[in-house]
Enquirer: 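Below is the structure I would like to discuss, written out as structure tokens.
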Amino acid sequence: MKLEIDSFSGYRIYPSKGRLFVRGDSKVRFSSSKTQSLFLQRKNPRKIAWTQVYRRMHKKGITEEVAKKRSRRTVKHQRGIVGADLATIAARRNQTAAVRQQARLAAITKAKTEKKEKEAKKAKPARQAAPSGPKVSKQQMKGGKGGR
């Protein structure tokens, strides 16, 4: 027993049932006048919910056949960043708050002493520097308007 397939709906057509629509370019089979009517109205079977083509397109009724795809869990890795390798980062993370506070205070006092030394060096030469000759502007130094 040879079963045909409805060209529009995708349903099975048993022997001696259905209609054969012959056109110049092809032969089309219909199981019922309903499918023939929709075909002649140029309806798209992909947009009609009860057709097999629509069901296949929208993945209906195939959940029991195909198991769900397993998604891979993302694995987190720690890595160093610019200016600090992984060991340095781990050491900083394991530091206690007291140690961190001590380090901060030490850095602040060091910076303050360096700043004071810098200011002291700057202040001494400023007092000693005195103009040795007549004042000359930048333009005169370059020689502007000098050799008319």
Side-chain angles (χ1 to χ4, degrees), residues 1-127 129 136-147:
M1 175 166 92
K2 187 168 191 285
L3 293 179
E4 301 289 338
I5 303 283
D6 188 319
S7 302
F8 187 83
S9 67
Y11 289 174
R12 291 182 296 243
I13 305 172
Y14 290 93
S16 78
K17 303 291 179 189
R19 289 185 178 178
L20 181 64
F21 180 79
V22 180
R23 209 193 287 177
D25 56 345
S26 62
K27 288 182 184 177
V28 185
R29 294 186 185 276
F30 302 111
S31 61
S32 65
S33 59
K34 175 183 179 179
T35 57
Q36 185 179 8
S37 172
L38 289 166
F39 175 81
L40 293 172
Q41 290 173 53
R42 299 199 182 285
K43 298 287 183 192
N44 191 346
R46 289 181 196 88
K47 292 184 178 178
I48 296 171
W50 53 267
T51 61
Q52 291 300 313
V53 184
Y54 176 94
R55 292 179 66 78
R56 212 170 293 126
M57 252 184 71
H58 293 85
K59 297 185 174 83
K60 306 287 182 190
I62 54 166
T63 50
E64 62 271 4
E65 290 175 25
V66 181
K68 237 183 185 181
K69 276 190 179 177
R70 289 182 184 171
S71 59
R72 299 186 88 182
R73 276 237 176 107
T74 54
V75 180
K76 290 185 180 179
H77 291 288
Q78 285 191 329
R79 46 185 194 178
I81 55 172
V82 178
D85 60 335
L86 192 59
T88 313
I89 294 169
R92 287 259 174 91
R93 188 177 292 142
N94 294 334
Q95 275 182 349
T96 58
V99 174
R100 214 175 283 129
Q101 187 70 25
Q102 256 184 332
R104 188 181 293 121
L105 288 172
I108 290 169
T109 53
K110 184 181 173 189
K112 281 182 180 176
T113 55
E114 284 178 3
K115 190 177 180 185
K116 281 181 184 176
E117 287 172 11
K118 209 174 194 182
E119 284 176 5
K121 283 182 183 177
K122 234 186 219 181
K124 287 177 184 174
R127 288 182 202 145
V136 182
S137 70
K138 280 187 182 177
Q139 204 154 18
Q140 284 176 332
M141 285 179 81
K142 289 180 183 174
K145 293 186 181 179

Enquirer: Heavy atoms only: give me the nearest Thr113-Lys110 pair and the separation to one decimal.
Expert: OG1-O, 2.7 Å
Enquirer: Between Ile48 and Tyr54, what is the shortest heavy-atom contact and its length?
Expert: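 Closest approach of Ile48 to Tyr54, heavy atoms only: O-CB, 3.1 Å.
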Enquirer: Out of curiosity, Met57 CE to Lys47 NZ, how far, rounded to the nearest 0.5 Å?
Expert: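 Those atoms lie 9.5 Å apart.
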Enquirer: So, taking the atom named CD in Gln36 and the one named OG in Ser9, what distance separates them when rounded to the nearest 0.5 Å?
Expert: 12.0 Å
Enquirer: Tell me every residue that passes ring-ring contact (aromatic ring centres under 6.0 Å, His included) with Phe8, counting only those two or more places apart in sequence or in another chain.
Expert: none
Enquirer: How many angstroms lie between CD in Gln41 and CG in Leu38, if you round to the nearest 0.5 Å?
Expert: 5.5 Å
Enquirer: Do Tyr14 and Leu3 have side chains that approach each other closer than 4.5 Å (heavy atoms only, starting at C-beta)?
Expert: yes
Enquirer: Please find the pair of heavy atoms, one from Thr35 and one from Ser32, that lie closest to each other, and give the distance.
Expert: OG1-O, 2.9 Å
Enquirer: List the atom of Pro15, the atom of Lys2, and the distance in Å for their closest heavy-atom pair.
Expert: CG-O, 3.7 Å
Enquirer: What residue pairs, at least two apart or across chains, pass salt bridge (Lys or Arg N to Asp or Glu O under 4.0 Å) with a residue in residues 24-36?
Expert: Glu4-Arg29
Enquirer: Which pair of heavy atoms, one from Arg92 and one from Arg100, lies closest together, and at what distance?
Expert: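 The pair with the smallest heavy-atom distance is O-NH2, 3.4 Å.
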Enquirer: Got a sec: does the CD of Gln95 have more than 12 other heavy atoms crowding it under 6.0 Å?
Expert: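 More than 12 heavy atoms, drawn from other residues, nucleotides or ligands, come within 6.0 Å of this atom.
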Enquirer: Just so I know, are the side chains of Ile89 and Ile81 near enough to count as touching, which here means a heavy-atom distance under 4.5 Å?
Expert: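 Counting from C-beta outward, Ile89 and Ile81 do come under 4.5 Å.
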Enquirer: Are the side chains of Tyr11 and Gln52 in touch, meaning some heavy atoms are under 4.5 Å apart?
Expert: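 Result yes, sub-4.5 Å side-chain heavy-atom pair found.
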Enquirer: With sequence neighbours excluded, tell me which residues meet ring-ring contact (aromatic ring centres under 6.0 Å, His included) with His77.
Expert: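 None.
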